[in-house]
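Accompanying notes for the structure given below.
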Amino acid sequence: LKVWEVYALKYAEWHTRTRAQSFLGEDDHSTPYPMAFYTWVLRHENDAILVDTGYPASEAERRNRPISRDPTSLLSVLGLAPEAIRTVVLTHLHYDHAGALDAYPHAFLHLQEAEMAYATGPCMCHPTLRHHYTVEHVCNAVRGLHGGRMALHDGEVEIADGISLHRIGGHSRGLQAVRVRTASGWLCLASDAAHYYENFLKGRVFPIVVDVEDMLAGFSRIQALASARELVVPGHDPLVADIFPALSDPAVVRLDRGPVPELASATLQW
Ligand SMILES: [Zn+2]
């Protein structure tokens with residue numbers, strides 16, 4: 001049985017967002033609620049799987065959404081070059097998750113069929129829905145498909161010993177979460193099935209949503225996929241970088257041993 005190490009790499013943090021932008025129906029409109037941006041790496045001996053790519057400086061400039069680090073270069077903290085990544089899991093195709101796909105032109109890609117259909121289908125006629133996608137990123141995914149480098153999944157699939165993908169939907173039609181066997185038990189990378197701890201712990205809907213019912217059901221599913229609540233990792237919560245132990249570079253934290261108990265209990269009410 002393969003037991004994996006799991007790392008989160010933080011490449012951006014925005015401080016201009018408010019609670020009203022993170023919770024549907026929030027009355028508190030003005031309180032700041034920062035958002036962090038991560039990619040994730042799964043490691044077992046010489047195997048390294050990247051979960052989402054982040055987005056590079058060019059996209060940051062185009063959208064006026066600054067990044068603090070180049071997500072691809074951050075791999076070097078783990079001693080990895082982009083060429084060492086032979087597998088990329090795309091949780092969905094939003095620009096902040098698939099924006100650096102061109103840095104991995106030979107990697108094999110895993111995506112949900114529903115996400116490809118969504119990102120290339122009639123929903124993209126609506127500016128509100130397509131705003132979160134960048135056409136070049138979607139084209140790069142299509143290039144992977146036509147290059148014979150992509151598997152399109154329908155629901156649940158095991159892609160390696162100890163790693164499975166689970167379609168959740170909600171935030172985007174084909175959003176998938178990743179379940180990983182670690183020394184601490186099953187860990188669930190929720191990606192945007194839960195942007196923040198507060199989303200899934202309190203059942204609070206994130207306002208960028210295509211299906212509220214799927215999002216709410218997803219809050220339960222991501223918790224059921226993990227052996228403990230501490231092993232559910234939300235996709236954009238700055239707390240992740242604060243409560244999990246950092247490597248020599250504080251932008252990279254190790255997830256598979258769980259959060260530092262004192263830090264977790266000081267910040268989260270489970
Ligand atoms: Zn996201």
Side-chain angles (χ1 to χ4, degrees), residues 7-19 21-24 33-41 50-57 59-60 62-72 74 88-101 109-112 114-116 118-119 123-124 128-138 140-141 165-178 188-200 204-212 214-215 218-219 222 232-241 251 253 255:
Y7 299 90
L9 289 64
K10 186 172 92 171
Y11 67 91
E13 187 162 339
W14 302 345
H15 293 272
T16 52
R17 288 177 60 95
T18 63
R19 287 186 58 83
Q21 290 172 290
S22 290
F23 305 107
L24 199 66
Y33 209 68
M35 177 177 271
F37 292 75
Y38 302 94
T39 67
W40 301 274
V41 170
L50 180 66
V51 178
D52 291 339
T53 68
Y55 64 92
E59 181 74 5
R62 208 179 69 77
R63 288 186 180 256
N64 193 22
R65 303 224 162 137
I67 55 174
S68 45
R69 307 288 290 273
D70 174 59
T72 309
L74 264 181
V88 176
V89 172
L90 293 166
T91 64
H92 58 311
L93 292 176
H94 281 172
Y95 75 93
D96 54 320
H97 295 262
L101 205 44
L109 313 174
H110 291 274
L111 184 70
Q112 289 284 330
E115 183 67 8
M116 184 62 97
Y118 179 60
C123 283
M124 296 301 104
T128 313
L129 296 178
R130 72 168 178 261
H131 172 71
H132 310 290
Y133 294 88
T134 294
V135 64
E136 269 311 308
H137 307 160
V138 176
N140 283 334
L165 310 178
H166 304 260
R167 188 180 66 237
I168 304 285
H171 172 64
S172 75
R173 189 65 75 190
L175 176 90
Q176 58 185 349
V178 183
C188 177
L189 293 175
S191 182
D192 292 1
H195 287 65
Y196 295 98
Y197 282 104
E198 190 168 337
N199 291 120
F200 73 90
R204 304 211 55 191
V205 168
F206 189 79
I208 300 172
V209 56
V210 64
D211 190 313
V212 171
D214 282 352
M215 185 177 280
F219 293 157
I222 55 175
V232 179
V233 183
H236 286 277
D237 201 321
L239 283 176
V240 170
V253 294
L255 303 176

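Whatever order the structure lists them in is the order used to number ligands and atoms, beginning at 1. Since the structure is predicted, the reported quantities are computational estimates derived from the model, not experimental observations.
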- prompt: With sequence neighbours left out, what residues match Ser68 under side chain to side chain contact (heavy atoms under 4.5 Å, CB included)?
  reply: none
- request: Applying side chain to side chain contact (heavy atoms under 4.5 Å, CB included), name anything that partners Val135, two or more places apart in sequence or on another chain.
  value: Cys139
query: Out of Thr39, Thr53, Asp70, Thr72, which one pairs with Tyr11 under the side chain to side chain contact (heavy atoms under 4.5 Å, CB included) rule?
result: Thr39
message: Ignoring waters, how many N, O or S atoms from the protein are under 2.8 Å from the Zn ion (ligand 1)?
response: 4
task: Enter the distance from His195:NE2 to Met215:CE here, rounded to the nearest 0.5 Å.
output: 6.5 Å
For Arg173, all residues meeting salt bridge (charged side-chain N to carboxylate O under 4.0 Å, His left out), sequence neighbours excluded: Asp211
query: Would Arg65 and Tyr55 count as a side-chain hydrogen bond (donor to acceptor under 3.5 Å, both in side chains) if you check the C-alpha gap in whole Å, the side-chain angles of each, and the deciding distance to 0.1 Å?
result: CA-CA 10 Å; Arg65 303 224 162 137; Tyr55 64 92; over 6 Å; no
